[in-house]
Every structure is written in structure tokens, then in C-alpha cells.
Amino acid sequence: WDPNFTRHNSGSEVRPEGECDALKEVAGQRQGLLDRFAAALTCARPPASLPSRDRQDAGAWTRRAAGRKPNCGSTAYQVPHEGAIMAAMHPTESEVATSPHTPNIFSAGASAAGYAMQLRYSLYCAIEKLKTSLDWQISIEAGDDIEISTIEGYRSLLQLKHRAPGTTLTDSSSDLWKTIRIWCEALSARAIEIGSTQFHLITTSRPAEGAISTYLGLDEAKRDVSAAATKLNFIATTSDGKTNKRSYAAWLALPEDLQEALLNRICIVTASPRIDEVEGQLELACRLAVRRANVKTFVSHLEGWWETNV
């Protein structure tokens, strides 16, 4: 998008003068905001422990799902057009058939939606952080789905769960227990400093009344760490389900004082905005950067730039 470019791509028609002025204004505002993002951005890479072939396959799949070309060395990517993030939620039948990591269309859709949600939600977090400070960095798939760290050494680890409408986060939910296992194993391996870290499980699932998610939620009136610990211990010691067996073991292996410290620093956010609703929040956040008529286009290009850089 060149602010000095006044012709259509075909070169056969000159844009009206007013449209050119609008494009120049939007492009200038967009570049200013992108420059601020570049100052705060840190680029995350896939874990080194992942086999190289899996890293390549996973990278190729996510690029196809989001409408990007395979990695071609120094070849620049075309910035995705409007709707590229949403396209990740609906892969074509041929993409599903050719992906080695997608045995059926349901797992493909969930994987692509989760990837798209990470991109969009991390961008929203970055915009919100820019309102208060530039002394931070944000990473995707580094310490967690999203990791935000500050210059003072504080970290916020975010686990994102994008689920079908009507889904409820129960006490035996694999989303809950898998997240707890990830954090417990990181603490056991001393990969996380508990005193400087906040843990967030952010899910589109609805809360269940009197459930663990309520006891560890945002509502201080209902928050009860002791009750949450009692429920977790009861489920981990009495359940014979195989799905969460490894998670139960990781929780029980954690010393009691560390269990309490972890629960005190966990916040579970249920009924979080879905991916299309986060897009609306992005548009609200950017409404002061460009004219109202150009907000959707601005956000679309901003998301394309963000995806290319993270």
C-alpha cells in the first residue's frame, strides 16, 4: 500500500483526487502505529524440541490456513486481504486432506481457529498495553500460548481456549486440567518463577455455577482458592478417567505450598469474546487512529502485518 500510488494496479485508471488523499492519510496513520508496534514486538519461534519435519509441516499448514504462501527464503509475503484470519477457521476440503496433522475436518477447524485466535488476541493485548507503556514484549507460543513480559521481569502467561458456542467449562474439563498440567510441570522444572508470574486461562466456554472456574475467576466475591484446591485434590485422587491422568499426576506431584501459591496467581476468564468479537474490539481500539469509514480496512492490514511478524 504505497501512499504515492495513484493508479489502480492495471494502470488504466487514475484514482479520484479525494480518494488518493484519503489513502495517503490512512497509510500515514497506519505506518505510524506500525512503527510503534515494531518497537515493542518480539518474534517467537516454534520450540526447538519439536522435530524439524513437524515444525515445517505445522508451519506450512498454518500458512495455508491463513492464506499465506509457503516459506520461500527472502521472498516477501503478500499482506493478507480482509478476512484472512477468519479464513483460517474454515479450511478447504483439499487443505484438510493434504495436511498430515488433520485427521478430520473438526480437528482441522479447531486447530486453525486456535491459531487465528492467538494472533488476533495477542494483537489486541499489544494495543491495550501500548496505552500505558512501551516497556514490555509479547510472544506467541513461547512460554505459553501468549506471554507478556515487562522490563521489571514480571510475566503473564495466557492459555487461550476457543470452543464451540454452548460449551461449559466443567471441573473435569480437559481444557482446565491440561492447562494446570502445563503450569505444574513448568513449576516442577523450575522454568517459571512463581513470585513474578501471573497465570491466565481465557476460554470462550461458559462457567458452571460453583465450579473451580468460579472459585478462580475474576469475581472477588466468589473467588475461593481453598475451595478450588479441595475440589482439585478430590478429582485428582478419585477420578479414574484416562484423559486427564497425566494432569492429575502433575498436580498431585506439586508440594502443597506451591499448589496454594499457584492457585493464588491463577485467573480463569470464562465466556471470553469469540474470535469475531475480538475483531470488533480491535476496531474499537483503532477507531481514533483512522477515519471511521477506514477502520475495517486498517484493522485488516494491521492483522496482516502482525501475522507476518509474529
Side-chain angles (χ1 to χ4, degrees), residues 33 37 40-41 44 62 65-66 80 82-91 106 109-132 136 138-141 144-148 156-170 173-176 178-179 198-209 211-223 266-290 292 295-307 310:
L33 190 55
F37 274 115
L41 178 68
T62 52
E82 186 172 1
I85 296 294
M86 293 303 291
M89 298 176 63
H90 305 285
F106 300 105
S111 175
Y115 168 74
M117 185 64 165
Q118 286 181 0
L119 288 173
R120 180 164 281 176
Y121 199 87
S122 63
L123 174 57
Y124 177 71
C125 289
I127 291 177
E128 289 300 301
K129 291 291 292 183
L130 281 174
K131 293 178 180 179
T132 58
W136 53 271
I138 189 166
S139 308
I140 297 177
E141 291 291 354
D144 219 317
D145 288 345
I146 298 174
E147 177 183 351
I148 303 173
S156 292
L157 302 181
L158 283 65
Q159 273 278 328
L160 303 183
K161 305 296 180 184
H162 192 270
R163 295 295 176 249
T167 304
T168 300
L169 187 69
T170 65
S173 168
S174 60
D175 281 351
L176 172 65
K178 182 180 178 181
T179 300
Q198 294 287 341
F199 305 85
H200 304 269
L201 170 56
I202 301 171
T203 176
T204 58
S205 299
R206 299 176 303 181
E209 188 62 34
I212 294 170
S213 59
T214 301
Y215 294 143
L216 298 178
L218 290 170
D219 190 343
E220 288 294 334
K222 296 181 179 180
R223 190 173 173 88
I266 286 179
C267 181
I268 299 179
V269 181
T270 53
S272 177
R274 303 183 61 77
I275 189 169
D276 53 332
E277 296 169 330
V278 177
E279 181 181 27
Q281 292 181 332
L282 283 173
E283 292 173 1
L284 279 175
C286 295
R287 69 190 185 281
L288 296 180
V290 294
R292 186 174 186 177
V295 169
K296 284 187 176 292
T297 301
F298 176 84
V299 169
S300 177
H301 281 266
L302 185 61
E303 285 187 323
W305 172 86
W306 182 259
E307 180 198 3
V310 300

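All values reported here derive from a predicted model rather than from experimental measurement.
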Close side-chain approach of Thr214 to Asp219, heavy-atom, < 4.5 Å = no

Please list, chain by chain and in numerical order, all residues satisfying side-chain contact (heavy atoms from CB on, under 4.5 Å) with Arg223, sequence neighbours excluded.
-> Leu216, Glu220, Val225

So, does Glu303 use its side chain to make a donor-acceptor pair with the main chain of Ser300 at under 3.5 Å?
-> no

Are the side chain of Arg206 and the backbone N or O of Thr270 linked by a donor-acceptor pair below 3.5 Å?
-> no

Give a yes or no answer on whether the side chain of Arg274 reaches the backbone of Arg163 with a donor-acceptor pair at less than 3.5 Å.
-> yes

With rounding to the nearest 0.5 Å, note down the distance linking CE in Met117 to CG in Leu160.
-> 6.0 Å

For the residue pair Gln159 and Thr179, what are the closest heavy atoms and their distance?
-> CG-CG2, 3.6 Å

Heavy-atom distance under 4.5 Å between the side chains of Leu169 and Lys161, does that happen here?
-> no

Considering residues at least two apart in sequence or located in another chain, which fulfil the side chain to side chain donor-acceptor pair (under 3.5 Å) criterion with Thr203?
-> Ser205

CA sep, side-chain torsions, deciding dist, call: Ile266, Leu201, side-chain contact (heavy atoms from CB on, under 4.5 Å) | CA-CA 8 Å; Ile266 286 179; Leu201 170 56; 5.8 Å; no

Please identify each residue that fulfils side chain to side chain donor-acceptor pair (under 3.5 Å) with Glu147, with sequence neighbours left out.
-> Arg155

Sequence neighbours left out, what passes ring-ring contact (aromatic ring centres under 6.0 Å, His included) with Tyr215? Give chain and number order.
-> none

Can you check side-chain contact (heavy atoms from CB on, under 4.5 Å) on Glu307 and Tyr115, steps first, answer last?
-> CA-CA 10 Å; Glu307 180 198 3; Tyr115 168 74; 3.9 Å; yes

Partners passing side-chain contact (heavy atoms from CB on, under 4.5 Å) against Ser156 (at least two apart in sequence or in another chain) = Ile148, Leu158, Gln198, His200

Euclidean distance, Ser213 OG relative to Leu218 CG, rounded to 0.5 Å | 11.0 Å

Please report the shortest heavy-atom distance between Val278 and Pro273, naming the atom on each side.
-> CG2-O, 3.8 Å

Test side chain to side chain donor-acceptor pair (under 3.5 Å) applied to Lys178 - qualifying residues, sequence neighbours left out = none

Are any side-chain N or O atoms of Ser173 and backbone N or O atoms of Asp175, one a donor and one an acceptor, separated by less than 3.5 Å?
-> yes

Qualifying residues under side-chain contact (heavy atoms from CB on, under 4.5 Å), relative to Leu284, sequence neighbours excluded = Arg287

On a heavy-atom basis, the closest approach of Leu157 and Asp144 is CB-OD2, 3.5 Å

Using distance only, find each side-chain donor-acceptor pair of residues 121-130 under 3.5 Å and give its atom names and separation, not counting sequence neighbours.
residue : atom : partner : partner atom : Å
Ser122  : OG   : Gln118  : O            : 2.8
Ser122  : OG   : Leu119  : O            : 2.9
Ser122  : OG   : Trp306  : NE1          : 3.0
Glu128  : OE2  : Lys131  : NZ           : 2.9

Start with the C-alpha gap between Ile146 and Ile138, add the side-chain angles, then the distance that decides, and say whether side-chain contact (heavy atoms from CB on, under 4.5 Å) holds.
-> CA-CA 7 Å; Ile146 298 174; Ile138 189 166; 3.9 Å; yes

Check Ser272 against Ile202 and note the closest heavy-atom contact, atom names and distance.
-> OG-CG2, 3.3 Å

For Thr167, the side chain to side chain donor-acceptor pair (under 3.5 Å) test, sequence neighbours excluded, returns none

